[in-house]
Amino acid sequence: MKPTKQIILSTSITATSAWVVNRCITYTGALATAGDNVLGISAYEASAGDVAAVDLRGIAVVEAGAAIAVGQEVMTAAQGVVIPLTGTVKPVGNALDAATAVGDLVRVALKG
């Protein structure tokens, strides 16, 4: 079954780098890298300079960069994917689905 999102708040910002759909976006409008503080999740692909939507609150669909267990807190990794939380970085949210492989799409309950 394909995961679906339930977004209760989104906003539009200017992309400062190319975005891939279902990836973490920073407050500056860039595709997130490992451990970045995340504004939200890209609602669709965008090119640098585009004004595009970011999902901020609710349940978002995010691409996994590693295996993830249901309920596990996740953080951003390279290229804006999510991985299990390590260290003291701010979590993106909690996984509502398990990811068994890189590239799996999982629902994440976003934390603000």
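What's counted below: heavy atoms across the whole structure, side chains too, no hydrogens, waters or symmetry copies.
We find the CG-CG distance between D36 and L39 to be 11.5 Å, quoted to the nearest 0.5 Å.
Applying the salt bridge (Lys or Arg N to Asp or Glu O under 4.0 Å) definition to pairs two or more places apart or across chains, those involving residues 12-31 are R23-E63. For residues 8-21, no residue pair satisfies the salt bridge (Lys or Arg N to Asp or Glu O under 4.0 Å) rule, not counting sequence neighbours.
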List the atom pairs, donor and acceptor, that lie under 3.5 Å between side-chain atoms in residues 45-62 and the rest of the protein, sequence neighbours left out.
unit_1: D50; atom_1: OD2; unit_2: S47; atom_2: N; d: 2.8
unit_1: D55; atom_1: OD2; unit_2: K5; atom_2: NZ; d: 2.8

Pair up each side-chain donor or acceptor in residues 66-85 with any protein partner under 3.5 Å, not counting sequence neighbours, and list the distances.
unit_1: Q72; atom_1: OE1; unit_2: A69; atom_2: N; d: 2.9
unit_1: E73; atom_1: OE2; unit_2: K111; atom_2: NZ; d: 2.4

Kindly list each side-chain donor-acceptor pair under 3.5 angstrom involving residues 12-22, sequence neighbours excluded, with atom names and distances?
unit_1: T16; atom_1: OG1; unit_2: T28; atom_2: O; d: 3.1
unit_1: T16; atom_1: OG1; unit_2: G29; atom_2: O; d: 3.3
unit_1: T16; atom_1: OG1; unit_2: A30; atom_2: N; d: 3.3
unit_1: S17; atom_1: OG; unit_2: L31; atom_2: N; d: 3.0
unit_1: W19; atom_1: NE1; unit_2: G29; atom_2: O; d: 2.8

Between side-chain atoms of residues 100-109 and protein atoms elsewhere (two or more places apart, or another chain), which donor-acceptor pairs fall under 3.5 Å?
unit_1: T100; atom_1: OG1; unit_2: D104; atom_2: OD2; d: 3.3
unit_1: D104; atom_1: OD2; unit_2: T100; atom_2: N; d: 2.8
unit_1: D104; atom_1: OD2; unit_2: A101; atom_2: N; d: 3.0
unit_1: R107; atom_1: NE; unit_2: D97; atom_2: OD1; d: 3.3
unit_1: R107; atom_1: NE; unit_2: D97; atom_2: OD2; d: 2.9
unit_1: R107; atom_1: NH2; unit_2: D97; atom_2: OD1; d: 2.9

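V92 is listed as a side-chain neighbour of C24, based on a closest heavy-atom distance under 4.5 Å.
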